[in-house]
2 protein chains.
Amino acid sequence: MSQIEIRHLRTLVALRETGSLVEASERVFLTQSALSHQIKELEGRLGCSLFLRKTRPVRFTSAGNRLLELADEVLPRLHNAELDLDRFAGGQSGRIIMAIECHSCFEWLLPAIDAYRNEWSDVELDISSGFHFAPFPALARGDLDLVITADPLDEPGITYFPIFSYEAQLAVAKKHPLVDKPWVEPKDLADEVVITYPVDRERLDLFSGFLEPAGVEPARVRHAELTTMIVQLVASGRGVTCLPNWALHEYLQNDYVVVRSLGEEGIWPTLYAAVRKDQADAPFMNAFIEVAKQVCFANLRGIVTAELG
Amino acid sequence: MSQIEIRHLRTLVALRETGSLVEASERVFLTQSALSHQIKELEGRLGCSLFLRKTRPVRFTSAGNRLLELADEVLPRLHNAELDLDRFAGGQSGRIIMAIECHSCFEWLLPAIDAYRNEWSDVELDISSGFHFAPFPALARGDLDLVITADPLDEPGITYFPIFSYEAQLAVAKKHPLVDKPWVEPKDLADEVVITYPVDRERLDLFSGFLEPAGVEPARVRHAELTTMIVQLVASGRGVTCLPNWALHEYLQNDYVVVRSLGEEGIWPTLYAAVRKDQADAPFMNAFIEVAKQVCFANLRGIVTAELG
DNA sequence: TTGCGACATGAATAAAATTCAAAACTTACT
DNA sequence: AGTAAGTTTTGAATTTTATTCATGTCGCAA
């Protein structure tokens, strides 16, 4: 089947450059005899001779020249591929396909990706929208490489890097009765309309970390896609919402809404980058997480450093 | 040293196309075990894994994808080269570097080359001007592939194909005394100025086939490069010359000169194409000789079919 | 659980590439 | 011509590598 091997191309190139089997053999770190056998066998398989040996330097036949042409096309590409692979092997390059559990995280993730791409231009980057339902199996089997999550489950083969912590705050209209309370208790929301992103409750701090533990169900849950839309509904008194403090910051500045902590201590989720163990030490991956942290701390108001929980 | 082999690229492509080691192994005519070993070893050498096996179809890592990219660049080129080499092996293609001993032969050789090139466009063709002195050693060692000669020496490893025979005729001015003789004898030229191409005497029919056997030396030998120039000198009575009848034809038509045979029978050299034995049966080579003959018989007046001498 | 399909593994085997040692050519020089 | 130096060829021995065979393991679905 496969007649020609890389080895043959290397031999022919060495032969072209040196002009004799003896010198070519030094070049490819083989004995001259090996080269003689090697080429003889190739010529046999190809059915034509590749060069004429009775001259110095050797003369290539048309067939030999055709193979040299092939070598000139192939060997540099091979070399480049090997260089790239060395970088993959050294963790200098790789692929990061991400998914986010935290809906508002797009706001800082996109700038983080942009910043990272400047330094690590040949790392393949993408955000996958396809694995919202079950990101962890996808991460484990390699469909994803990084998941932004607030719930570090203790899965084997997954490493979690903390990014930052924030307060999940309740936002209410300025004239809302809860404004008078220093903080919110779960039962305060029993009669409220709660406005959320259209995602599972487990992925919402308000439910998973506050209402469900207390067994409280709000009067109604209403969905909106965009953060501004949610805040607008809240500001006009159609309900309350729970958002990260850093996402609410600008609306607070503009005096649209009032925010209160959930419970006396407040709820302080931590965002983690979940990564497969085999990539956890790769420089390109660590660099991404570092860049993400830097971008967040530079741009988001109200977040704090997190320790590994 | 050489990490990646063609075989590896083929395996990866099969794997991409089938999605599993089992099917890929059928595709490359190996056992599943062989592929497992092969890839494991490559991964070890490269220092990174190439694909994730726990999924169907298998997922390639960035390194795996990089190798597939390489395969897509390399394998088609390899295939093309193999197709070309098949044609070399089958004698459907090759190289013809020619030299001519017969100085006037450019006149028919160039049109012959043009005609041949139409049909055999990827045969490498060239006329070498570098081996006028010793074309046969050059032919034997492969610097040349074809020599046009009138003297088929019995060299081993060389095959001669006759192209055509012609008469080597003496051209003289219309008022020259020799016009009165039906043919020329060697001694008739003892007092003449002979005009020739500036080449060795052995390559001139007049000397090698007529004067030297008779031990006659002309009064003077004068050289000119171009056939027209030679004929002009002859026409104006500055000397006589010997040229192939087909080269003289047009001047005869125009009544510039008169021609006479050398001896009663005339001298009838035959032009041969001398070819190395290993190329003597190659279709591309036979085709060239056939085309050359056709072109000659179509364009040259006065030539006759030759038999192998 | 069990069974099935797919991949991994280790030892055995087959195949190959390479080396060694010697011979056959080539070339240049005397 | 004869010889010496350098180069390629050759055949057999050897080493290395690729492949197979026979199991073993793992994940997944019934």
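Convention: sequence-line order gives letters A, B, ...; per-chain numbering from 1.
- One atom, CD of A/Glu26, and another, P of D/dT8, lie 11 Å apart when rounded to the nearest Å.
- When the P atom of C/dA14 is taken as reference, atom CZ of B/Phe29 falls 22 Å away, rounded to whole Å.
- Considering only side-chain N and O atoms, B/Arg7 lies under 4.0 angstrom from the phosphate OP1 or OP2 of D/dA18.
- Shown are A/Gln38, A/Glu5, A/Arg16; of these, the side chain to side chain donor-acceptor pair (under 3.5 Å) with A/Thr11 is made only by A/Gln38.
- Between the side chains of A/Thr149 and A/Glu101, at least one donor N or O lies within less than 3.5 Å of an accepting N or O.
- You'll find that the side chain of A/Ser33 is closest to C/dT19, out of C/dT19, C/dA17, C/dA8.
- Atom CZ in A/Arg10 sits roughly 17 Å away from atom C1' in C/dT18 (whole-Å rounding).
- Using cut-offs of 30° and 60° on the angle between ring planes, the pair A/Tyr160 and A/Phe136 is tilted.
- Residue-level contact check: B/Gln32 touches the bases, meaning some heavy atom is under 4.0 Å from a base atom.
- The phosphate of C/dA8 has neither OP1 nor OP2 within less than 4.0 Å of any side-chain N or O from B/Lys40.
- Out of C/dT19, D/dT19, D/dT8, the shortest distance to the side chain of B/Ala34 is found at D/dT19.
- No donor-acceptor contact under 3.5 angstrom links the side chains of A/Thr18 and A/Glu23, judged on distance only.
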Quiz prompt | Criterion side-chain contact (heavy atoms from CB on, under 4.5 Å) on A/Leu67 and A/His8, from CA distance to verdict | solution = CA-CA 9 Å; A/Leu67 273 188; A/His8 297 131; 5.9 Å; no

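- Taking only side-chain atoms of A/Val22, from C-beta outward, the nucleotide of D/dT19, C/dT19, D/dT7 with the closest atom is D/dT7.
- Using a 4.0 Å heavy-atom criterion, one finds that A/Ser20 contacts the sugar-phosphate atoms exclusively.
- To the nearest angstrom, C1' of C/dA6 lies 11 Å from CZ of B/Phe51.
- A sub-4.0 Å separation between OP1 or OP2 of D/dT8 and a side-chain N or O of A/Ser36 is absent.
- In this structure, B/Glu43 places its CD atom 12 Å from C1' of C/dA8, rounding to the nearest Å.
- The side chain of B/Arg53 places an N or O atom within less than 4.0 Å of a non-bridging phosphate oxygen (OP1 or OP2) of C/dA8.
- Atoms CG (A/Leu52) and P (C/dT26) sit 13 Å apart, rounded to a whole Å.
- Residue B/Glu41 contributes atom CD, which lies 15 Å from atom C1' of C/dG10 at whole-angstrom precision.
- If you measure from atom NE2 of A/His37 to atom P of C/dA16, you get 15 Å, rounded to the nearest angstrom.
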